[in-house]
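Only heavy atoms go into these numbers, but all of them, side chains included; no hydrogens, no water, no symmetry mates. Numbered from 1 within each chain, the chains take letters A, B, ... in sequence-line order.
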Amino acid sequence: MLFFMYANVLFPLKLPPLTYRIPDGMPIDIEGFIVKAPLGRQGAYGVVTEVLGSAPEGLQGLRELDECRGLYAGRSYLSLIRWLSQYYLTAEGLALKACFFDDFIKSAVAEPKRKRRGPRPDACLPCMELPAASGRLAGLMSEISSKLSTNKYSTSLVTLARTSEDARLVSDLFEMQQDMRNVIIAVPEIDRMNRILGCLSAKFGSRVCGLHSRLTPAKRADAVKRILSGESDIVVGTRSAVLAPMQSVSLIIVNQEQSRSYKAQEGLRYNARDVAVMRGYISKSPVILTSVAPSLESVSNCATGKYTFIGSSGRDVSSFDFPDRSGRPVIRIARLTKKSREQSCFSSDTIKKAKDVMKAKEAMLFLINRKGYSLIRCDDCGSTLDCKRCGVPLVFHKAGSAAKCSLCGAEEKAAVSCPECSGFNLAPSGIGLERVKEEIDSICSTRAVVLQKPAGRKKNPDDDIKPDEDEQESEVAAFCVGTAHAVRRIDEGFLNTAVFVSAESMLSMPDFRARERALQEIMQSVELVKPGGTVIIQSYRPDDRFLKAVRSYDLRSFYADELAERMALGYPPYSNIILFSIDAASGSREIERTVDEIATEVCDEYKRGITFYGPVQVASGRGSRMQFFMKARDSVRLHKAAESAVRRLELIKNLRFTVDVDPLKI
DNA sequence: AGCACGCCGACT
DNA sequence: GTCGGCGTGCTC
């Protein structure tokens, strides 16, 4: 009798699983195993997602698997891959690819081209000194620890007074639970990783393994091999660490869960924090999120009971226990007036402080989120000089006296007259880095340093900072000017004073997360200021509720206010968003028709509660993209609609588009 | 990802 | 007339 079994095989390619016949003599129970299968002209390695008793209808003459190698991952890891592809609306194969499949094949299965020893292990990282455990954190340890011993899924949010407490928390956990195995620790940046890696390596040796995107391919493959073999069961790494191919997981820690670098901006656009939570759920293990200023999403999840807010008895935000910030730097709001703006970017308060700090030979940082000197505004009609292609205001750069578009990089020699009203009274307006530096230099007769990009070298997909060609590294000096990114270059407690030159430039961003981001930026800067130092926030509206809450470190009322606002406007976390972006240099009829169909048929506001926004053309680099998004309270319905939209868009030949689930900005 | 197939520009 | 560019499509 002839009785065949079949296997669905997933390849790390943009393909759905393909079906093969399992040849005689090959074991049947091979779910999760790595197999070599004929694919196209060559063969390829893939993983068996499912074993079938009969061939799917309509498929005959299926080819046989070539060979079966070891186990790649258990059932729960396969569920994670499936969830990734469903939630982020990507081919399952691409989810597999994101899960280090190619690295493993390269190191463990494919024949090595030459006999080579594995990559040289990294020099031992020093065990950095940990901050003393604060009384509060010590008090929370038993509650955190009780979550671990249960071996059940739970997600807990731990708020910290300082980022550096992350390493303390991790170290203390390992101290309390001596037998912890299969742990994933995610950190937002590579240099933070080294601190934790150092602490753990000293104690656990090769059981600890670092994983980040700046590893060389050989080192990455070696790390993956060690993880899969079980040699390393403690993985510390950036975003992709939450995808580490461990057979089982018993604890996941996501440090600084609010960090935007956890969200992938290309390929599989996952958010590592959300993946960690789902992975914990799938593998029945606890998840611990830490933050000095948690995301609204996580705070809201604590309020609904989805997560636990460690250290709080109730679920109401008003009962949430944020760290005591007494002894932290004073936050002062400095009033700017319209009148003073014409002469200076600074309030008199700020100027006085700058002179004092100068005299005391201490360090001071000025933060402003715009490069260049200023915008250019016409005094006659009030309009700004905008980029002809992108429509955003051009930024005037004093060096070269050119106006540059921050989106497309187009440069224009400074115009003489206003294109709107032909008036000749064009004047600098608004504040940029160069202008701030110029003014500090003249006030304090110093040479302030403009901090450029962080110390990173190569392009790094785990990093959300785009490298700019025209930027060079600069030394951190006593008086520095920089954008929010620059704060990464400065050590904890280095500054006497940090100045946010314009609260309005942070708060008036056309983004519903502007306040949340501002809070996080301010809290980050606070850590750079030594105890007894000062943070100054300059504002035209010093009585703003947000600034009042920030000034007194009143995170509770910040979250209460912000949640109320988001709820009133129906923004996340009270709704979900999926953003579509179509590479459409040619806005063809067919595209327009399909998008129109999606807007009317797929997103039925009244019947299904899904709201469609757009489409809008946006300029991006060279070329233009068409964007639209859908928003709904019900995530399941939203995903169904988005799936249907994806299917329709896929019918259009030659169309390239990306789907971003839970985008950071819209 | 490979590796086909396929349809336009400069060559012996 | 052909060689070859890589743009688009398929792989159970």
Side-chain angles (χ1 to χ4, degrees), chain A residues 2-28 30-69 72 78 81-82 84-85 88 90-113 213 216-218 220-221 224 240 243 245 264 266-269 461 582-586 588 590-591 594 621-623 625 646-658:
Chain A
L2 283 171
F3 179 71
F4 292 116
M5 294 290 276
Y6 297 85
N8 278 344
V9 178
L10 188 64
F11 300 95
L13 305 173
K14 195 184 174 188
L15 277 179
L18 302 180
T19 309
Y20 292 85
R21 196 152 59 79
I22 300 177
D24 293 333
M26 192 181 280
I28 297 298
I30 53 173
E31 191 180 298
F33 277 67
I34 290 169
V35 289
K36 187 163 185 235
L39 181 74
R41 187 156 283 263
Q42 308 243 114
Y45 287 99
V47 60
V48 176
T49 54
E50 204 177 354
V51 175
L52 309 166
S54 60
E57 265 182 70
L59 281 179
Q60 50 210 350
L62 293 176
R63 300 164 87 177
E64 282 186 352
L65 295 175
D66 291 324
E67 51 184 303
C68 179
R69 314 294 286 246
Y72 173 57
L78 287 179
I81 290 172
R82 193 160 304 146
L84 282 169
S85 82
Y88 291 107
T90 330
E92 215 174 315
L94 293 182
L96 179 68
K97 193 184 166 75
C99 292
F100 303 100
F101 188 77
D102 290 317
D103 291 303
F104 180 59
I105 295 301
K106 196 167 19 161
S107 70
V109 180
E111 280 82 74
K113 291 204 180 85
S213 57
T216 62
R220 184 156 24 98
V224 168
S240 57
L243 302 178
E266 55 183 32
L268 180 73
R269 296 179 170 229
I582 299 172
D583 276 15
S586 56
S588 80
E590 197 183 8
I591 296 173
T594 306
R622 60 185 72 80
R625 307 165 65 80
V646 168
R647 277 199 299 273
R648 283 170 199 236
L649 289 169
E650 276 171 346
L651 291 178
I652 303 176
K653 296 283 174 207
N654 302 336
L655 188 71
R656 298 195 156 273
F657 66 94
T658 56

Listed pairs, N/O of protein and of nucleotides 4-9 of chain C, under 3.5 Å:
{"residue": "dG9(C)", "atom": "OP1", "partner": "Asn654(A)", "partner atom": "OD1", "Å": "3.3"}

Can you see whether Thr49(A) engages Asn8(A) through a side-chain donor-acceptor pair at a distance of less than 3.5 angstrom?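 No, Asn8(A) and Thr49(A) have no side-chain donor paired with an acceptor closer than 3.5 Å.
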Whole-Å distance between [N] [atom2] and [X] [atom1]?
X        : N       : atom1 : atom2 : answer
Glu64(A) : dT11(C) : CD    : P     : 19 Å
Arg63(A) : dC12(C) : CZ    : P     : 5 Å
Tyr45(A) : dG2(B)  : OH    : P     : 13 Å
Lys97(A) : dG2(B)  : NZ    : C1'   : 12 Å
Gln42(A) : dC10(C) : CD    : C1'   : 15 Å
Leu39(A) : dT11(C) : CG    : P     : 9 Å
Leu10(A) : dT11(C) : CG    : P     : 16 Å
Leu94(A) : dA1(B)  : CG    : P     : 8 Å

Polar atom pairs between nucleotides 5-8 of chain B and protein, under 3.5 Å, N or O only, would you list them?
none

If you only use heavy atoms from C-beta on, which nucleotide in dT11(C), dA1(B), dC12(C) is closest to the side chain of Leu15(A)?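 My answer, after comparing the listed nucleotides, is dT11(C).
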To the side chain of Arg41(A), which of dT11(C), dA4(B), dG2(B) is closest?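 Taking heavy atoms from C-beta onward, the closest nucleotide is dA4(B).
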Does the plane of the ring in Tyr72(A) sit parallel, tilted or perpendicular to the ring in Phe104(A)? Use 30° and 60° as the thresholds.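 Answer is tilted, since the angle falls between 30° and 60°.
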Compare all side-chain heavy atoms of [X] with those of [Y] and state whether any distance is below 4.5 angstrom.
X         : Y         : value
Leu10(A)  : Ile81(A)  : yes
Ser107(A) : Val224(A) : no
Phe11(A)  : Leu18(A)  : yes
Phe657(A) : Ile652(A) : no

Is the terminal nitrogen or CZ of Arg21(A) (NZ for Lys, CZ for Arg) located under 6.0 angstrom from the six-membered ring centre of Phe4(A) and within 45° of that ring's axis?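 Output yes; distance and angle both within limits.
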Select base, sugar-phosphate, or nothing to describe what Pro38(A) touches, counting heavy atoms under 4.0 Å on all strands.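 It contacts sugar-phosphate atoms only.
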Can a donor-acceptor pair be found, under 3.5 Å and without considering hydrogens, that links the side chain of Tyr45(A) to the backbone of Asp102(A)?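 Such a contact is absent between Tyr45(A) side chain and Asp102(A) backbone.
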Out of Leu96(A), Asp103(A), Ile105(A), which one pairs with Pro12(A) under the side chain to side chain contact (heavy atoms under 4.5 Å, CB included) rule?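 Considering Leu96(A), Asp103(A), Ile105(A), a side chain to side chain contact (heavy atoms under 4.5 Å, CB included) with Pro12(A) is found only for Leu96(A).
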